[in-house]
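For reference, the structure is listed below as structure tokens.
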Amino acid sequence: MAWFVFPVDNLLCKCLGISFTVCFTLLLVFIIVPAILGVSFGIRRLYMKTLLKIFEWATLRMERGAKEKNHQLYKPYSNGIIAKEPPSSLEQELQELRGSASSLGSEPEFEVADIFYFCRRGVESIVDDEVTKRFSAQELESWNLLTRSNYNFRHISLRLSVLWGLGILIRYGFLLPLRVTLAVTGIGLLLVLTTVLGFFPNGKLRTYLSEKVHLMCYRICVRALTAIITYHNRENKPKNGGICVANHTTPIDVIILANDGCYSMVGQVHGGLMGMVQRAMVKSSPHIWFERSEVKDRHLVAKRLSDHVADKTKQPILIFPEGTCINNTSVMMFKKGSFEIGCTVFPVAIKYDPRFGDAFWNSSKFGMVNYLLRMMSSWAVVCSVWYLPPMNREEGEDAVQFANRVKAAIATQGGLVDLLWDGGLKRAKVKEAFKEEQQKLYSKVLVGEQDDQSQDTLVEDEPLEQKEDESIPDSATNNEDTGN
């Protein structure tokens, strides 16, 4: 019996050894080596085109099923509940409410009918406001074979159900283990190689090797997400001595941008795995990490940022001025801190394709590990990155105006909605300044412009968009989303 078992065990070990060797060789040849050399065989783009064909076929099957059953296929938009009229001035709307009998003459007075204007606006904001919808995932009209909770899934046929089951096997049985392996490889190499480079003396050799190591590790991590990235206008890539600012959808934004160039990160010191990565990175590259007690010290933070950009040999700083993740449909208020430094700003617009997977990180719903596992079990991460021309602060322009100008350029290029609201409303209450602004508008209608202007000359109001207690940095790893 022992003579019979031994050959079987030996054969099993040989088969496992051969399988491991083949898998490692394929991993090395098709993924790790191309990541080191910065080349691509086009496999991911072919994979993306194949997925698009499958999604189109699935959509056609659902449309055919809906037509045969005479059912509505696409879910109506929630804002259809309210028939919003074209925007008009507060004075015009109050005049319509008061009717023709009453008018806003030379001595306007308060009328009970004015209350209905504010009630209507309040109900509209509760039912369908333009802020909270930016903190939830986009609703897709077509099925991407990732979930069964879509409104349209009652029209799925047997073929689509089989295809959905096959997709689960591919994503969780093949793609997820492969991507986890690549992620561990990329992070492991980053920890080891940056630690080794920390023993090298400061100089051109260390800087050169550090850039190559970071690019290689980030490219491996990009492949761990099967990310297909299209970079536009590379002649406008951020340069040393400047600050790169971009809209923020996910912690993956850092990897997406670092895949095409090296940046200095700014953020708060963390513990655990994140802390290990931070300590290893700073040994080989001039990143800026702050202790928790230093984050609120505006002058200290501004000085360290200014000192960094003043050194033209150091890499550009990467900052996400929104300070929180938005669902890639809009750009919300940019914190003014990074625009007070007085250096060249390099705007970057990032737009994700939600058909292959929702890149938005809803940190109130998913933890970091859970989110990364969801991303690694999705089909792919497909996005476009636009490098915009560098921008400088104009004469007579304050930091808030400069931030809004940069934000508008990013929103226009990325096809995003430009909003003035603070992304901090995800967890915080509306600031009193916003309420006071509405009160001032109504006051102007009642007491007139002249009295209001006389008061403005006595007390200079702080800009509505920014508050002096806002802290810097507002960047890659300092906000509460990417810091968990």
Side-chain angles (χ1 to χ4, degrees), residues 24 27-29 31-40 179-225 227 229 231 237-244 251-291 294 304-320 346 372 473 475-478 482-483:
F24 179 77
L27 186 70
L28 187 68
V29 172
I31 297 179
I32 297 180
V33 172
I36 296 175
L37 301 177
V39 299
S40 175
R179 290 168 175 173
V180 170
T181 301
L182 288 175
V184 171
T185 302
I187 296 175
L189 287 175
L190 182 66
L191 289 172
V192 174
L193 296 180
T194 51
T195 301
V196 172
L197 286 175
F199 296 101
F200 281 56
N202 290 328
K204 293 183 178 180
L205 177 61
R206 174 178 170 177
T207 302
Y208 174 79
L209 292 177
S210 176
E211 291 181 357
K212 295 301 179 183
V213 165
H214 278 82
L215 284 174
M216 177 191 69
C217 295
Y218 284 128
R219 286 168 180 167
I220 293 176
C221 291
V222 162
R223 283 162 172 78
L225 298 167
I229 313 167
Y231 297 97
K237 285 178 61 175
K239 297 179 177 57
N240 292 356
I243 294 179
C244 173
I252 298 173
D253 293 334
V254 178
I255 302 175
I256 297 297
L257 294 177
N259 176 68
D260 194 42
C262 292
Y263 298 89
S264 292
M265 309 299 176
V266 183
Q268 181 177 304
V269 175
H270 296 282
L273 178 60
M274 179 70 74
M276 291 177 57
V277 174
Q278 286 181 321
R279 289 189 294 271
M281 290 173 62
V282 80
K283 290 179 181 178
S284 63
S285 186
H287 300 284
I288 304 175
W289 308 128
F290 294 93
E291 296 293 340
E294 300 174 334
R304 292 187 62 180
L305 294 180
S306 299
D307 293 343
H308 183 99
V309 298
D311 189 347
K312 302 303 179 182
T313 63
K314 293 184 178 179
Q315 302 160 349
I317 299 175
L318 176 59
I319 291 179
F320 301 104
F346 296 88
L372 291 177
S475 78
T477 59
N478 184 55
T482 55

According to salt bridge (Lys or Arg N to Asp or Glu O under 4.0 Å), who are the partners of Lys237, at least two apart in sequence or on a separate chain?
Asp260
Which residues share a salt bridge (Lys or Arg N to Asp or Glu O under 4.0 Å) with Asp311, sequence neighbours left out:
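Scan of Asp311 (salt bridge (Lys or Arg N to Asp or Glu O under 4.0 Å), adjacent residues dropped) gives none.
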Where [X] and [Y] come nearest, the two heavy atoms and their spacing:
| X | Y | result |
| --- | --- | --- |
| Phe346 | Gly242 | CE1-CA, 3.9 Å |
| His287 | Met265 | ND1-N, 2.9 Å |
| Tyr263 | Leu257 | CE1-O, 3.5 Å |
| Ala258 | Tyr218 | CB-CD1, 3.4 Å |

Judged by atom type as modelled, is there a donor-acceptor pair below 3.5 Å linking the side chain of [X] to the main-chain atoms of [Y]?
| X | Y | result |
| --- | --- | --- |
| Trp289 | Val266 | no |
| Ser264 | Pro286 | yes |
| Ser285 | Met281 | no |

I'd like to check the ring-ring contact (aromatic ring centres under 6.0 Å, His included) partners of His308; sequence neighbours left out, ordered by chain and number.
none
Contacts of type side-chain contact (heavy atoms from CB on, under 4.5 Å), residue Lys212, not counting sequence neighbours:
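Lys212 satisfies side-chain contact (heavy atoms from CB on, under 4.5 Å) with Tyr208 only.
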Contact list for residues 261-282, test salt bridge (Lys or Arg N to Asp or Glu O under 4.0 Å), sequence neighbours left out
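Not a single pair qualifies under salt bridge (Lys or Arg N to Asp or Glu O under 4.0 Å).
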Does anything in residues 185-195 pair up under salt bridge (Lys or Arg N to Asp or Glu O under 4.0 Å), and if so which pairs, sequence neighbours excluded?
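Checked against salt bridge (Lys or Arg N to Asp or Glu O under 4.0 Å) - neighbours excluded - no pair reaches residues 185-195.
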Side-chain contact, heavy-atom cut-off 4.5 Å: Arg219 with Leu215?
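A side-chain contact exists here, since the closest heavy-atom pair is under 4.5 Å.
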Determine all donor-acceptor pairs shorter than 3.5 Å in which one atom belongs to a side chain in residues 179-198; sequence neighbours excluded.
{"from": "Arg179", "atom 1": "NE", "to": "Thr226", "atom 2": "OG1", "distance (Å)": "2.9"}
{"from": "Arg179", "atom 1": "NH1", "to": "Met376", "atom 2": "O", "distance (Å)": "2.5"}
{"from": "Arg179", "atom 1": "NH1", "to": "Ser378", "atom 2": "O", "distance (Å)": "2.5"}
{"from": "Arg179", "atom 1": "NH2", "to": "Thr226", "atom 2": "OG1", "distance (Å)": "2.8"}
{"from": "Arg179", "atom 1": "NH2", "to": "Ser378", "atom 2": "O", "distance (Å)": "3.4"}
{"from": "Arg179", "atom 1": "NH2", "to": "Trp379", "atom 2": "O", "distance (Å)": "2.7"}
{"from": "Thr181", "atom 1": "OG1", "to": "Pro177", "atom 2": "O", "distance (Å)": "2.8"}
{"from": "Thr185", "atom 1": "OG1", "to": "Thr181", "atom 2": "O", "distance (Å)": "2.7"}
{"from": "Thr194", "atom 1": "OG1", "to": "Leu190", "atom 2": "O", "distance (Å)": "2.3"}
{"from": "Thr194", "atom 1": "OG1", "to": "Leu191", "atom 2": "O", "distance (Å)": "3.4"}
{"from": "Thr194", "atom 1": "OG1", "to": "Ala280", "atom 2": "O", "distance (Å)": "3.4"}
{"from": "Thr195", "atom 1": "OG1", "to": "Leu191", "atom 2": "O", "distance (Å)": "2.6"}

Spatial distance of atom [atom1] ([X]) from atom [atom2] ([Y]) [nearest 0.5 Å]:
| X | Y | atom1 | atom2 | answer |
| --- | --- | --- | --- | --- |
| Ile255 | Leu225 | CD1 | CG | 6.0 Å |
| Glu211 | Cys262 | CD | SG | 5.0 Å |
| Leu305 | Ile288 | CG | CD1 | 5.0 Å |

By side chain to side chain donor-acceptor pair (under 3.5 Å), which residues pair with Tyr231, not counting sequence neighbours?
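Residues passing side chain to side chain donor-acceptor pair (under 3.5 Å) with Tyr231: Asn259.
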